[in-house]
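What follows is a short report on a single structure.
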Amino acid sequence: MALRGQPGDACRSPRVWSACTVTAAKTIRIGAGAGFAGDRIEPALELVEHGNLDYLVFECLAERTIALAQAAMLADPEGGYDPLLLERMRRVAPAAMARSVRIVTNAGAANPLGAAKAVAGLATDMGWGPVKVAAVLGDDVLDVIRAAAHPLLDKGGTSADLPAILSANAYLGAGPIAEAFALGADIVITGRVGDPALFIGPMLHSFGWDLADAELMGRATVIGHLLECAGQLCGGYFADTGRKSVPDLARLGFPLAEVSAEGSAVLTKVAGSGGRISSASCKEQLLYEILDPAAYMQADVIADFTSVRFEELGPDRIAVTGGSGHAASGTLKVSIGYDDGFIGEGQISYAGPGAVERARLALDVVRERLAIVGAPVADLTCEIIGVDAIDRTTSGAIPREVRARVVGRATSHEAARQIGAEVEALYTNGPFGGGGVTRSVRKVVAVASTLIPAEAVKPRIVIVEA
Amino acid sequence: MLLGDIAHVRTGDKGDISQISVIAFDPSDYALLQRTVTIERLLAHFANLNVRQAHRYEMPGIGALNFVLEGALSGGVTRALALDAHGKTLGAQLLDLEIEPGSGHP
């Protein structure tokens, strides 16, 4: 690692934080301000204004987003970061800076430095400076991936087999984020890092933890993982009418954790906000998108969630304890974005008696038409929404209205376009009573994964002052 | 009775892998889940899903099972042609799995 700073460095920066007395912090309060790039902004502002936070984290980077951002940066070298970043900062950062709430976000996507410059520029324009905005760089490992063939994780073959690689980004750990705070950053903007690392960075910095303490890193990973999807911990993606009730879902609050120096936490939200944090919502989130709960692979640790316990201390106050870990594997996961051609799609609806049969006839016609015109499409999928498009069980009830859907892959835009064109032609050439055609063509950026040695990655920090 | 009477579920995705957690409302029902919600029964319920390999992880501390279904998402969200490319709806489709109550249930 090319990082040398020590936590105490922050105390020499112009702005002096309470957490500069690194080992003295007893608890810190970390809020989750976004669980995905398009998330609501009001709950984050509510957290800053009423959550008495030390840190606010915006998780804004889905798996394939960096490859798309890379394409955006090719079109505009100043771009390539989350397009909503400046709007988020415009609405939340002034309140955060006024209360010394430090911000972490991975919204830098393909261009963390461009994002940091843009946020610093906004701070100057809006007058909420002086502010130090840190960019965490080094996750872009396109050169490393291009230099050799790397075995792919999810399918056979190597990176050399992928058509047109667009991007390759390694999942960095929490170390560089903690370092950025040690250098006095008010706002830390990263590209690809492990989602829990966004939360572990502030813990590392405030508590002066040793990154090599796998037990602590395991517990910190539990807390970070619980927070990373923001609203989901508070009852978002949870309500099920008649089975699981969530009050005031339209005003869902986002969670915050009161984290102790021992790596346990109390999960809560702003009083009066909508939603509910319960041990049930916490259990769902603990297991969300993990594979083996005893071996959750992160850059800094292999976390073990099997000893985690939740205890309801009161309404919307859940204590989380436990979790452990083993030393990290010494490899970092890399997401490779590559050009995967086009997907063309068309849909049309049928209703009334015989709707399903007419939809099947329509699908047969489109399939035959594409063969007649010789459209070079692959993996053509024909299905009836309401019957077999998402139901993977064998229940098979017959509805009175359905939507026929045809979708397929093509290497050219023109071939993909023909799929929707043949569906649209059903208006005057297909079965009785078709309506509501929609058609689309989209370019596909696919993602494959590989592992590279951690030492091949050199994180570094650039600070932009406003 | 149905799985949805005693448990809640959450579905997530990771690449071409679907992950479904099954969590007992009442932790005392965990043994029932453990006995009845087997990989075989889950795969039979999702007969139309092309699972390459399935794993079941046990979490007795929180009364939950975690199912990991490799290959279930026809390439995953970045490649799949499926209407629900994340497979987010799969867990809900599991709620009507028949559960044989043991002696501890009416």
Side-chain angles (χ1 to χ4, degrees), chain A residues 62-64 67 153-155 229 232 237-238 240 243-244 279-295 305-310 322 335 337-338 340 343 345 347 379-381 383 385 388-395 403 405-409 444-449, chain B residues 4-5 7-25 27 44-51 55 57-68 70-72 74-97:
Chain A
E63 191 180 39
R64 62 182 163 163
L153 289 181
D154 308 327
K155 50 183 172 184
C229 295
Q232 285 191 180
Y237 200 39
F238 180 86
D240 191 1
R243 303 174 70 248
K244 296 186 290 179
S279 53
S281 70
C282 291
K283 287 174 187 176
E284 284 195 19
Q285 192 58 31
L286 182 74
L287 293 177
Y288 184 62
E289 293 183 344
I290 66 163
L291 307 178
D292 180 352
F305 290 2
T306 54
S307 61
V308 172
R309 298 289 185 277
F310 298 102
S335 273
Y338 64 97
D340 194 30
I343 290 178
E345 178 172 346
Q347 295 185 11
D379 300 343
L380 195 71
T381 297
E383 56 199 12
I385 297 173
D388 58 13
I390 60 171
D391 184 358
R392 303 299 173 184
T393 71
T394 49
S395 59
R403 195 153 173 83
R405 174 175 187 260
V406 184
V407 59
R409 237 180 269 290
V444 182
V445 172
V447 172
S449 301
Chain B
D5 295 332
H8 54 114
V9 299
R10 165 79 68 91
T11 322
D13 68 294
K14 203 138 222 175
D16 198 12
I17 297 170
S18 176
Q19 168 268 329
I20 304 175
S21 59
V22 177
I23 305 162
F25 284 119
H45 188 77
F46 289 125
N48 299 327
L49 208 59
N50 295 314
V51 177
H55 309 269
Y57 298 101
E58 303 188 350
M59 292 283 279
I62 60 168
L65 300 171
N66 192 40
F67 289 92
V68 172
E70 294 181 16
S74 4
V77 64
T78 60
R79 280 206 96 231
L81 299 177
L83 188 63
D84 173 20
H86 294 90
K88 293 255 186 193
T89 62
L90 290 172
Q93 296 175 44
L94 191 59
L95 292 177
D96 60 0
L97 184 79

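Heavy atoms only: backbone and side chains are in, while hydrogens, waters and symmetry mates are out. Only a predicted model underlies this, so the values are computations on that prediction, with no experimental measurement involved. Below, chain A is the first sequence line, B the second, and so on; all start at residue 1.
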Heavy-atom pair count under 4.5 Å with chain B, highest-scoring of A:Gln232, A:Arg392, A:Gln285, A:Arg64
A:Arg392
For B:Ala7, which atoms come within 4.5 Å of any heavy atom of chain A: side chain, backbone, both, or neither?
backbone
When heavy-atom pairs shorter than 4.5 Å are enumerated against chain B, which of A:Asp292, A:Thr381, A:Val445 gives the highest number?
A:Asp292
Return the CG to CG distance between B:Asn66 and A:Leu286, rounded to the nearest 0.5 Å.
9.0 Å
Between B:Leu83 and A:Gln347, is any pair of side-chain heavy atoms under 4.5 Å apart?
yes
Okay, A:Leu287 and chain B: the region with an atom under 4.5 Å from a heavy atom over there is both
Examine whether an atom of A:Ile290 lies under 4.5 Å from a heavy atom of chain B, and if so say whether it belongs to the side chain, the backbone or both; otherwise answer neither.
both
With only heavy atoms counted, which part of B:Leu97 is less than 4.5 Å from chain A, the side chain, the backbone, both or neither?
neither
Under 4.5 Å from any heavy atom of chain B - which part of A:Phe310:
side chain
Salt bridge (charged side-chain N to carboxylate O under 4.0 Å, His left out) against B:Lys88, all qualifying residues, sequence neighbours excluded:
none
Shorter than 4.5 Å, heavy atoms on both sides: which option in A:Pro293, A:Ala389, A:Ala448 has the most such pairs with chain B?
A:Pro293
B:Ile23 and A:Glu284, any side-chain heavy atoms less than 4.5 Å apart:
yes
For A:Glu289 and B:Gln19, the nearest pair of non-hydrogen atoms, with its separation, is N-OE1, 2.7 Å
Measure A:Asp388 against the heavy atoms of chain B and call it side chain, backbone, both or neither at under 4.5 Å.
neither
For A:Leu291 and B:Tyr57, work out which heavy atoms get closest and say how close.
O-CD1, 3.6 Å
Let's test your reading of the structure: which of A:Lys244, A:Lys283, A:Glu383, A:Arg309 forms the most heavy-atom pairs below 4.5 Å with chain B?
A:Lys283
Would you tabulate the side-chain donor-acceptor contacts of residues 74-82 of chain B under 3.5 Å, counting partners in other chains and residues two or more places apart, or write 'none'?
from    : atom 1 : to       : atom 2 : distance (Å)
B:Thr78 : OG1    : A:Val447 : N      : 3.3
B:Arg79 : NE     : A:Asp340 : OD2    : 2.6
B:Arg79 : NH2    : A:Asp340 : OD2    : 3.3

With a 4.5 angstrom heavy-atom cut-off, which part of B:Phe25 approaches chain A: side chain, backbone, both or neither?
side chain
Specify which of B:Asp13, B:Asp5, B:Leu90 makes the most heavy-atom pairs with chain A at under 4.5 Å.
B:Asp13
Which atoms form the tightest heavy-atom contact between B:Thr11 and A:Tyr288, and what is the distance?
O-CE1, 3.3 Å
Could you look at B:His45 and say if it's the side chain, the backbone, both or neither that has a heavy atom under 4.5 Å from chain A?
both
In terms of heavy-atom proximity below 4.5 Å to chain B, should A:Glu63 be classed as side chain, backbone, both, or neither?
side chain
Heavy-atom distance under 4.5 Å to chain A: side chain of B:Asp16, backbone, both or neither?
neither
Quick one: pull up CG in B:Asn48 and CG in A:Asp391 and give me the separation to the nearest 0.5 Å.
7.5 Å
